[in-house]
Every structure is written in structure tokens, then in C-alpha cells.
Amino acid sequence: MGRPPTNLHADVAEVLLDEERIRAKVLELGERISADYAGRELTLVSVLKGSLPFMADLMRAIHLPLTIDLMEVSSYGGAATETSGLVRIIKDLSASIDGRDALLVEDIIDTGLTLNYLLRYLRGKNPASLRICTLLDKPARRLVEIPVDYVGFTIPDQFVVGYGLDYGEHYRNLRYVGVLRPEVYST
Ligand code: 5GP
């Protein structure tokens with residue numbers, strides 16, 4: 001996992017999305033989702049830990065009755081910046097989504113392997129519908145084609161941290177999304 005960072009902000013080479021842009025986008029997504037799911041039985045399913053800030057903000061931007069559930073999966077271990085394609089469920093859903101409209105809330109889609117696995121898993125739980133909402137989309141490295149219904153921002157192929165996203169479990173508490181200085185993960 002490496003040494004803990006001494007100065008979070010100093011390790012960031014570039015702020016890609018500042019707090020204000022993220023806030024505006026989350027409100028916009030909340031409005032769209034509220035309109036699309038009016039009168040339905042919405043359950044937001046978020047994937048820990050990276051989606052935590054997005055989930056917390058998005059659920060409050062949706063003005064419909066809804067329930068939430070949390071899963072945790074690991075797609076790769078420790079400080080690696082590459083996806084292995086191996087997915088392990090660490091925490092499963094705590095309630096049934098049978099017959100409910102499930103919306104999977106993701107932090108970032110990179111290769112799509114994690115999401116592909118999760119979609120197959122959740123489809124097996126018989127939701128009335130299953131859609132995807134991701135804050136960030138990195139289409140450059142996609143290995144599996146996945147229809148994503150709600151996308152916050154499409155970003156270039158760079159390793160980003162902040163607003164939930166980590167490097168070696170750190171940087172999740174940054175209020176913005178930024179690109180780490182390469183020397184941070186090459187040492
Ligand atoms: P995928 O399976 O789509 O390749 O990867 C999804 C997961 O990989 C994300 O949920 C996230 O945990 C991690 N990931 C992918 N790209 C990035 C990135 O740029 N920064 C960080 N911190 N994690 C990433």
C-alpha cells in the first residue's frame with residue numbers, strides 16, 4: 001500500500017473536475033433520474049468504496065422515494081493501477097431487489113470488467129429494471145461494451161483520484177477529481 005501521503009494536494013498534478021463542476025453535474029443527473037423514475041420503485045445500489053461520495057450526493061439530488069443498498073467488490077489489490085478482471089464480492093446486497101427498479105451507482109468505468117460482472121450478478125436477482133449511472137467514464141480502455149444510461153463526465157485515459165477514488169486507499173477525501181503526479185505511483 002506504500003507510505004501515506006504527507007500532502008494530498010501537492011501530489012495532484014492537475015485538477016480535472018473541481019468541486020463546483022461535480023456539484024452541478026450531480027444535480028443535473030439527479031433531475032434526470034427523478035424524471036425518468038417518477039412513480040417507480042427505485043433502489044440505488046452503490047459499489048463501495050469509491051462511489052461513496054457520489055452516492056451520498058446523488059441520492060440527495062433525487063427527489064423521489066427510494067431505498068439504497070451497498071455492495072463492495074474488489075477488482076484489483078492494493079496500489080495497482082491496472083485492472084486484472086478478477087472480481088470478488090466482499091459485501092453483498094442486504095435486501096432483495098426482486099421486482100424493483102435498480103440503478104447501479106458507480107464511480108468510474110474503465111475496462112468495464114467490474115461492471116460487466118456486477119451486471120450479470122444483479123440481473124440474476126430479478127430486478128424489474130437495471131440501469132447504470134457512473135460519475136466518470138474512461139472509454140479509451142473499454143474491453144466490454146456496456147450500455148451506460150447516465151454518465152457524469154467522460155475523461156481521458158489518465159489515473160485519477162479524489163471524490164471517492166483512491167490510490168493505495170488514500171486521496172478518497174479530496175473534494176475534486178485530479179490526476180496524480182506520476183512520481184507518486186512510480187516510487
Ligand atoms: P474496470 O473494471 O471498469 O476496469 O474498473 C473499475 C474500477 O477500477 C473502479 O471502480 C475503480 O475502483 C478502479 N479504477 C479504474 N480507473 C481508475 C482511476 O483512474 N482511478 C482510480 N482511483 N481507480 C480506478
Side-chain angles (χ1 to χ4, degrees), residues 1-5 8-9 11-18 21-22 25-26 29 44-58 69-93 102-123 130-187:
M1 195 168 291
R3 268 182 292 115
L8 296 178
H9 300 293
D11 288 348
V12 176
E14 183 198 348
V15 174
L16 216 54
L17 303 166
D18 65 21
R21 276 188 78 191
I22 296 172
K25 184 60 76 177
V26 172
L29 289 169
L44 301 180
V45 177
S46 134
V47 189
L48 295 170
K49 304 166 192 159
S51 308
L52 198 59
F54 181 43
M55 175 71 155
D57 289 342
L58 183 68
D69 210 334
L70 304 167
M71 289 186 71
E72 183 168 3
V73 300
S74 76
S75 50
Y76 51 84
T81 56
E82 293 295 322
T83 300
S84 66
L86 283 175
V87 179
R88 192 160 58 92
I89 294 185
I90 298 169
K91 187 208 167 297
D92 204 344
L93 294 173
L103 181 61
L104 187 55
V105 177
E106 270 282 12
D107 49 359
I108 187 165
I109 307 174
D110 186 14
T111 63
L113 292 171
T114 311
L115 191 57
N116 193 46
Y117 174 88
L118 273 171
L119 282 178
R120 271 188 286 133
Y121 181 78
L122 291 172
R123 275 196 202 107
L130 180 57
R131 287 188 181 178
I132 300 157
C133 176
T134 188
L135 180 70
L136 306 175
D137 186 13
K138 269 206 295 201
R141 296 189 351 126
R142 194 63 43 83
L143 294 176
V144 211
E145 248 350 283
I146 296 174
V148 184
D149 306 275
Y150 306 95
V151 177
F153 302 95
T154 300
I155 61 167
D157 183 12
Q158 283 173 306
F159 188 78
V160 293
V161 294
Y163 197 66
L165 289 158
D166 76 308
Y167 172 67
E169 293 297 330
H170 287 283
Y171 305 99
R172 295 191 195 275
N173 53 325
L174 293 175
R175 290 171 174 265
Y176 52 80
V177 171
V179 182
L180 267 192
R181 293 187 185 284
E183 58 267 30
V184 175
Y185 48 87
S186 59
T187 52

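First listed ligand is number 1; within each ligand, the first listed atom is number 1. We number each residue from 1, following the sequence as shown. Computation of the quantities below employed the complete heavy-atom set of this structure, encompassing side-chain atoms and omitting hydrogens, waters and symmetry-equivalent molecules.
A salt bridge links Glu169 with Arg172: at least one charged nitrogen is closer than 4.0 Å to a carboxylate oxygen.
Heavy atoms of Arg142 come nearer than 4.0 angstrom to ligand 1 in no pair at all. At least one heavy atom of Asp166 lies less than 4.0 angstrom from ligand 1. Heavy atoms of Tyr167 stay at 4.0 angstrom or farther from ligand 1.
Atom OH of Tyr163 and atom CG of Leu135 lie 6.5 Å apart (nearest 0.5 Å). For the atom pair CG (Leu29) and SG (Cys133), the distance works out to 5.0 Å, reported to the nearest 0.5 Å.
Minimum interatomic distance between Pro156 and Lys138 (heavy atoms only, all atoms of both residues): O-CD, 3.5 Å. Here the closest non-hydrogen pair linking Asp18 and Tyr176 is CA-CB, 4.0 Å. Closest non-hydrogen pair, Arg123 versus Leu130, comes out as CG-CD2, 3.8 Å.
For CZ of Arg142, the number of neighbouring non-hydrogen atoms (other residues, nucleotides, ligands) closer than 6.0 Å is greater than 12.
An N or O contact shorter than 3.5 Å links Gly112 to ligand 1 by distance. The distance criterion of under 3.5 Å between nitrogen or oxygen atoms is met by Val160 with respect to ligand 1.
Taking a cut-off of under 4.0 Å to the non-hydrogen atoms of Gln158, the atoms of ligand 1 that pass are 19 (O). For ligand 1, the atoms sitting less than 4.0 Å from at least one non-hydrogen atom of Thr114 are 1 (P), 2 (O), 5 (O), 6 (C), numbered in the order shown with element in parentheses. Numbered from 1 in the order shown, with element, the atoms of ligand 1 that lie under 4.0 Å from a heavy atom of Lys138 read 16 (N), 17 (C), 18 (C), 19 (O).
In the candidate list Asp107, Leu16, Leu118, Asp107 is nearest to atom 12 (O) of ligand 1, counting heavy atoms.
Using a 4.0 Å cut-off between heavy atoms, Arg141 makes no contact with ligand 1 at all.
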